[in-house]
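Note sheet for the following structure.
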Amino acid sequence: MVFFKRRVTLGAWTRPLSPDETVDPTPFAEYESYRKSTDALHSRELLATAPEVFDLATWDGDVTGRRIQVRGNGLMVEMFGTPSTKKRLYVFLSAGGGALKDGVTAQFPRVSWHSWMDGVSLNIDDPTFVAYPGRLQTGWYLGTPDQDAVSTIAAIVERVLSCYAVDSNDLYIIGSSAGGTAALKLAAEIPGATAVVENPPIYPAESSSSRHLNRVGLRLNDKKLLARTDLRHILRHESSRFIVLQNAEDKEILDQLVRLLASEGMPPPTIGLNEAGPLSVYVSSVPALSPHHTFLSVHEFRSILDSLQRGELADARAAVFDAVYEGLRARTRASDELSNIKGWIRLWREADVPLLADPPLPSTSNIVRIPLRDAPHVIYRLRMGHKGKKIFIAVNVDKSALASRADIERVAQSIGGTVSKVDSGMRIGLANVPMQRAAELLKHFVEATSTLIT
């Protein structure tokens, strides 16, 4: 099996308004109407209310209750639904949440999209978090060693399809990251479904989260769980469709996708739209501070969904994908640059580090380098994290410095930092510094490490 390459690159043009032209206010009025309805439907109060509880064996699939908990097969599945008379169903699967996942508070990513979708919408939280409250960073919809959560979710989705008389060919399952991996599995369980996923890890057993799963008895290298996470079906499924939107800048996940394709004798996908059988892979290149989390907005996603109508020409679909991702690249770059500027402004306003030279002007870059005032050859490197929420601080201790390895490790330990080897000597680093403490910890870091260098 080989990919057939179909790609169209679009140009763009703009022109100024002439003196007698005005902007039609209708679209803005429509947007305001949608915004108000979204706020009303998905207020934080409504999301936090206690769910209506049903048993899977007797539940009829009605999602009118908004917050719903369905219990079946030894699992508790938290959901938020929005009904519709239009005969489509959109299922949104949650991804990893790290510290946000306490196993009690359900997370509903993209729940605000419901008002923009032309059909029944359903957010499903990963029941693996509820099964192991507060103990996991990513659940992969694995469930428990004895119960496969994806199979239970499939039964739930089939009830909703039946309740609203929606054909499975009009079912769209949407997920990103770990939620994307689960969406690829779920679409295979319901013939005719379409999975649309962003940056899905192909081999969960290789993820950093696997060690947390091992601790609760979900050993991803076990034969049973390897079978649950096997995604080879996306290359040869007879009725469902699998749309993978992959950022080439997320190199680790792209490599996993390439390896999956190679296992079936298929070439690696190239930039643009690649299609073979039930699988479509669109590879973009979106440079971002966090390339794994560069996700589409609801309007961009709707354009993607509209192009996936059955019978749509592949060239037309490729043209839509190209146009959407050209806009995403521009939006992401502008968003990251603004986050960097705001982050550096905040840091320089609060920082008082006399040992360092005067900081540079606020920069659109996520990296700045500042020398010691009395030793300009010693450079402190600061890197802004995703959305300006955290920074990373590092400095190299040259081989010519008088400090011993023991001295370096002692200083690093005193400030909660790490030590690593580099060509010039040793590097002391301090990672994941929250922005609200960045000024304080930067001063402490410089005061402690400068004694090793000067």
Side-chain angles (χ1 to χ4, degrees), residues 47 49-63 65-81 89 91-98 100-109 111 121-163 171 173-175 177-190 193 195 204-205 207 209-210 212-220 222-231:
L47 288 171
T49 56
E52 295 187 52
V53 180
F54 299 93
D55 187 273
L56 179 58
T58 57
W59 180 54
D60 63 2
D62 183 7
V63 300
R66 306 291 184 195
R67 279 294 306 276
I68 299 169
Q69 184 186 94
V70 175
R71 301 181 179 185
N73 300 329
L75 298 171
M76 293 188 293
V77 183
E78 297 275 357
M79 300 183 292
F80 187 95
L89 174 59
V91 174
F92 300 92
L93 301 185
S94 64
L100 295 177
K101 295 288 185 179
D102 57 12
V104 177
T105 306
Q107 307 292 317
F108 298 116
V111 69
S121 294
L122 185 64
N123 284 76
I124 301 180
D125 199 52
D126 190 340
T128 313
F129 289 106
V130 180
Y132 304 95
R135 301 176 66 186
L136 298 175
Q137 292 183 332
T138 306
W140 306 99
Y141 285 78
L142 288 167
T144 66
D146 299 322
Q147 299 296 337
D148 181 1
V150 170
S151 298
T152 300
I153 300 298
I156 288 172
V157 172
E158 287 170 344
R159 293 285 175 86
V160 179
L161 289 171
S162 177
C163 179
L171 166 63
I173 305 169
I174 299 158
S177 189
T181 304
L184 294 174
K185 288 289 294 180
L186 181 57
E189 297 272 340
I190 307 174
S207 74
S209 299
S210 62
H212 300 286
L213 294 160
N214 289 340
R215 292 170 187 157
V216 300
L218 291 169
R219 302 188 182 282
L220 292 185
D222 288 353
K223 185 175 181 180
K224 182 190 296 185
L225 291 182
L226 280 175
R228 286 194 202 174
T229 58
D230 189 348
L231 294 179

Minimum heavy-atom distance between G175 and A183, given as atom pair plus value: N-CB, 4.3 Å
Donor-acceptor contact present, side-chain D125 to main-chain F108, <3.5 Å: no
Gap separating the SG atom of C163 from the CG atom of D62, nearest 0.5 angstrom: 5.0 Å
For E189, all residues meeting side-chain hydrogen bond (donor to acceptor under 3.5 Å, both in side chains), sequence neighbours excluded: none
Considering all heavy atoms, the nearest A95-A178 contact: CB-N, 4.4 Å
F54 side, atom CZ; I156 side, atom CD1 - distance, nearest 0.5 Å: 12.0 Å
Set of salt bridge (charged side-chain N to carboxylate O under 4.0 Å, His left out) partners for D230, sequence neighbours left out: R232
S151: partners by side-chain hydrogen bond (donor to acceptor under 3.5 Å, both in side chains), with sequence neighbours left out: D148
Over all atoms of both residues, closest heavy-atom pair of H212 and L136: O-CD2, 3.6 Å
With sequence neighbours excluded, residues passing side-chain hydrogen bond (donor to acceptor under 3.5 Å, both in side chains) with R219: none
Side-chain touch S94/Y141, heavy atoms, less than 4.5 angstrom: yes
Distance, nearest 0.5 Å, that separates OG of S210 from CH2 of W140: 9.0 Å
Residue pair G143 / A131: nearest heavy atoms and the distance that separates them: O-CB, 4.4 Å
Pair T128-D126, side-chain donor/acceptor within less than 3.5 Å: yes
Stepwise side-chain contact (heavy atoms from CB on, under 4.5 Å) test for L220 and L142: CA-CA 9 Å; L220 292 185; L142 288 167; 3.3 Å; yes
Contacts of type side chain to side chain contact (heavy atoms under 4.5 Å, CB included), residue A155, not counting sequence neighbours: L56
Heavy-atom closest pair, residues I68 and V63: CD1-CA, 3.4 Å
Where P109 and N123 come nearest, the two heavy atoms and their spacing: O-ND2, 2.6 Å
Straight-line distance of F92 CZ to I173 CD1, nearest 0.5 Å: 11.5 Å
V160 vs V91 side-chain heavy atoms within contact, under 4.5 Å: no
Sub-4.5 Å side-chain heavy-atom contact between T181 and T229: no
Spacing of L213 atom CG and Q137 atom CD [to the nearest 0.5 Å]: 9.5 Å
NZ/NE/NH1/NH2 to OD/OE distance under 4.0 Å, E78 and R67: yes
Reported CG-to-CD distance for the pair D55 and Q69, which is rounded to 0.5 angstrom: 11.0 Å
Heavy-atom side-chain contact between R228 and V150 under 4.5 Å: no
Check: K185 and L231 side chains under 4.5 Å, non-hydrogen atoms: yes
By side-chain hydrogen bond (donor to acceptor under 3.5 Å, both in side chains) - contacts of S177 (at least two apart): H292
Test item: R135 side-chain N/O and V216 main-chain N/O as donor-acceptor pair under 3.5 Å: no
